[in-house]
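To keep things clear, I will list the structure first and then write my remarks on it.
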Amino acid sequence: MSEKKKHKILCDILGYSHANGSETLFKCPACDHHKLKLSVNIHKNVFKCWVCDYRGRNIRRLVRRFGTFVHLQRWEELTGRHDIERFAELFDEGPRVDPLPTLDLPEEFVSLTSAVPATGVYAQKYLQSRGITKAEILKWKIGFCFSGEYRNRIIIPSFNDDGDVSYFIARSYNGDSYKYKNPKSSKDIVFNELYIDWNEDLTIVEGVFDAITAGNSVPILGSTLRTDSDLIRKIVYNDTPVFVALDPDAREKENKIIETLLKYDIELYKIDVDGYEDVGSMPKEVFQERKQKARFIDRDDYLLMNLLSAV
């Protein structure tokens with residue numbers, strides 16, 4: 001009975017359907033192909049478009065993204081998922097009341113998004129050596145400081161949802177023994193939230209250069225993720241599929257993040273970073289290949305991973 005009710009909700013959202021064995025075919029709302037190419041298996045709770053490869057391991061994503069709030073409520077009644085009105089109850093620590101942190105860029109900040117001044121030649125060469133393109137410099141609003149507290153450092157700003165600077169990374173480009181000299185400000189932010197698409201899969205990485213390689217991603221800046229962090233809240237609220245791709249030497253931190261996300265029933269994958277220092281040192285095509293081969297993680301798989309790592 002439950003599957004019939006779920007099928008009715010999907011028909012209300014996606015329109016005409018055609019049964020194909022254990023699966024049901026719909027018109028894909030992501031690519032709008034004229035044929036019924038979106039295959040949905042309600043029993044296994046998975047879907048995939050055979051044209052644009054829009055896919056997922058939780059049909060709720062389809063309902064939330066393309067249905068109405070009423071559709072979502074009905075779906076959650078059938079699946080037993082927490083109602084969004086009780087969202088705060090998902091977190092033991094309670095709702096966050098702190099104001100979002102903001103700060104100013106250094107006075108000496110010079111943008112690299114337009115004509116590069118003579119003082120910026122070495123900064124530009126460093127970015128080129130890291131494989132950073134002009135398009136990525138424009139997207140990330142990258143600049144540098146030639147003098148002042150952040151002298152000879154690449155500056156990569158983070159913008160919150162309102163377009164205000166919430167943080168910035170200051171990375172040396174001339175061999176300084178201290179690679180990073182970041183501001184004394186809270187890291188409990190979603191780095192560059194302004195540009196994140198929560199409806200697409202999100203990759204969690206260690207640093208900003210990793211995030212530039214990964215695309216739609218968030219760097220955790222060396223921090224661990226508390227269960228009440230802004231990033232965890234946004235992922236759970238939007239039911240965003242997550243790929244985890246931390247540095248190979250950050251296994252303990254990675255396991256804690258995986259454990260937290262599984263607690264909230266997030267669709268989760270692990271990307272293999274072995275053989276490289278981090279995601280930022282990977283050629284972009286290698287990262288995409290490994291992302292395509294990412295390992296799906298569920299609670300049983302996570303327990304097995306821990307058992308094997310303890311041997």
When you check the gap from the basic side-chain N to the acidic O, do Asp274 and Arg251 get nearer than 4.0 Å?
yes
Glu108 meets the side chain to side chain contact (heavy atoms under 4.5 Å, CB included) criterion, sequence neighbours left out, with Pro106, Cys145, Ser147
Common cluster, Leu138/Leu105, ILVMFWY with side-chain heavy-atom separation under 4.5 Å:
no
Residues Glu136 and Lys284 bridged, charged N to O under 4.0 Å:
yes
Heavy-atom pair of closest approach, residues Lys134 and Leu112
NZ-O, 3.0 Å
Using the ring pair (Phe, Tyr, Trp, His ring centres under 6.0 Å) criterion, which residues pair with Tyr126? Sequence neighbours excluded.
none
Distance-only check: which donor-acceptor pairs under 3.5 Å involve side-chain atoms of residues 213-220, not counting sequence neighbours?
| from | atom 1 | to | atom 2 | distance (Å) |
| --- | --- | --- | --- | --- |
| Thr213 | OG1 | Phe209 | O | 3.4 |
| Asn216 | OD1 | Asp197 | N | 3.1 |
| Asn216 | ND2 | Asp197 | O | 3.0 |
| Asn216 | ND2 | Asp201 | O | 3.0 |
| Ser217 | OG | Ala211 | O | 3.0 |
| Ser217 | OG | Gly215 | O | 3.1 |

Results of ring pair (Phe, Tyr, Trp, His ring centres under 6.0 Å) for Tyr173 - residues two or more places apart only
none
Could I get the full list of ring pair (Phe, Tyr, Trp, His ring centres under 6.0 Å) partners for Tyr150, not counting sequence neighbours?
Phe168
Tell me whether the NZ or CZ atom of Lys291 lies within the 45° cone about the ring axis of Phe243 and under 6.0 Å from its centre.
yes
Could you give the side-chain donor-acceptor pairs of residues 9-21 under 3.5 Å, partners two or more places apart or in another chain?
| from | atom 1 | to | atom 2 | distance (Å) |
| --- | --- | --- | --- | --- |
| Ser17 | OG | His7 | NE2 | 3.4 |

Testing Arg60, Arg61, Arg57, Arg65 one by one against Asp239 for a salt bridge (Lys or Arg N to Asp or Glu O under 4.0 Å), which residue passes?
Arg60
